[in-house]
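Both backbone and side-chain heavy atoms feed into the values below; hydrogens, waters and symmetry mates do not. Keep in mind that what you see is a predicted model, and the values were worked out from it rather than measured.
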Amino acid sequence: MKRKALTITAALLCCTAALAQHTLGTDDISADELVGTWSRPVAVAVYSGASQQAAADADNVTGQIEAAVNDVIERMGVGAVVVEFRADGTVTGSTENNTSEGNYTVSGSTLTVSAGKMSFSVNAKLTGDKLQLLYPLSSFPKQITKYFLGFDPEGLYLGAELERQ
């Protein structure tokens, strides 16, 4: 399982770029708005920073990201992801082979999920029946991301857009 996760992460990092139609979420989201089942993930990458060089580097691979990352998602069997947010603050995430449960909270445009000893926060943006969840690549070790990307990932976010079912 760790090997599969590392393979997916490496492939996603290799193809990261900014997509003009996606931006970071800035609007407040309530937990009530998240309640329901979400699936059909599509890879999303966003650049949100002041560095013109990083933006130019990210733009160099913009045309490749969706095709490449979504191809990896399909080949790795990650496309069968289903996430269910419940009104009681619990969340279940499942793939074809795994199911994880935890709790979630929302503060502004930040969604925090906790499962056991693990906790992570993502930028969340809700637009109609689409939920975009983005994680800053600067949180990954810079040696790894710089190796895969060829430039400093500061200001780059990678995640998925899910569709309400």
Side-chain angles (χ1 to χ4, degrees), residues 1-16 19 22-48 65-66 68-145 147-149 153-165:
M1 182 63 185
K2 284 185 180 180
R3 185 174 159 186
K4 186 174 181 179
L6 288 173
T7 302
I8 293 169
T9 301
L12 293 174
L13 291 175
C14 284
C15 302
T16 300
L19 299 176
H22 294 101
T23 58
L24 289 178
T26 56
D27 295 334
D28 289 353
I29 297 175
S30 73
D32 291 340
E33 292 176 290
L34 295 179
V35 172
T37 302
W38 302 82
S39 65
R40 297 192 190 122
V42 175
V44 174
V46 171
Y47 175 72
S48 178
I65 187 167
E66 283 187 327
V69 174
N70 288 317
D71 180 57
V72 169
I73 288 171
E74 185 176 322
R75 284 188 289 126
M76 299 301 288
V78 180
V81 171
V82 176
V83 179
E84 182 182 359
F85 294 98
R86 293 183 203 86
D88 66 358
T90 59
V91 60
T92 300
S94 59
T95 63
E96 293 173 10
N97 301 319
N98 287 320
T99 298
S100 296
E101 295 188 0
N103 298 300
Y104 73 95
T105 58
V106 181
S107 177
S109 60
T110 301
L111 169 67
T112 301
V113 175
S114 301
K117 294 180 180 180
M118 182 189 79
S119 180
F120 63 92
S121 296
V122 293
N123 175 268
K125 180 179 173 184
L126 186 61
T127 308
D129 286 339
K130 306 273 186 193
L131 176 61
Q132 174 184 282
L133 304 172
L134 295 171
Y135 189 79
L137 287 181
S138 59
S139 297
F140 288 86
K142 287 198 180 197
Q143 302 89 327
I144 294 172
T145 53
Y147 173 79
F148 283 110
L149 295 171
E154 193 65 41
L156 285 172
Y157 292 76
L158 180 63
E161 182 176 83
L162 300 169
E163 189 175 317
R164 187 185 299 274
Q165 299 303 298

key: Heavy-atom closest contact (L126 atom, W38 atom, distance)   = CD1-CH2, 3.5 Å

ask   = Yes or no on side chain to side chain contact (heavy atoms under 4.5 Å, CB included) for N123 and L24, after CA distance, side-chain angles and deciding distance?
value = CA-CA 7 Å; N123 175 268; L24 289 178; 3.8 Å; yes

ask   = With D129, which residues qualify under salt bridge (Lys or Arg N to Asp or Glu O under 4.0 Å), at least two apart?
value = R164

note = Rounded to the nearest 0.5 angstrom, the OG1-CZ distance for T37 and F85 is 10.0 Å

inquiry  = So L133 and L162, do their side chains get closer than 4.5 Å, heavy atoms only?
reply    = yes

task = Flag the pair T90 / Y104 as yes when at least one side-chain heavy-atom distance between them is below 4.5 Å, and no otherwise.
result = no

query = With a 3.5 Å cut-off and no angle check, do the side chains of E84 and T92 form a donor-acceptor pair?
reply = no

query = Just by modelled atom types, is the E163 backbone N or O under 3.5 Å from a matching donor or acceptor in the Q165 side chain?
reply = yes

Only pairs under 3.5 Å count here: list side-chain donor-acceptor contacts from residues 105-114, not counting sequence neighbours, and write none if there are none.
residue: S109; atom: OG; partner: G25; partner atom: O; Å: 3.2
residue: T112; atom: OG1; partner: S121; partner atom: OG; Å: 2.8
residue: S114; atom: OG; partner: S119; partner atom: OG; Å: 3.3

ask   = Under a 4.5 Å cut-off applied to non-hydrogen side-chain atoms, are L131 and L34 in contact?
value = yes

query = Any donor-acceptor pair under 3.5 Å linking the side chain of S30 with the backbone of E33?
reply = yes

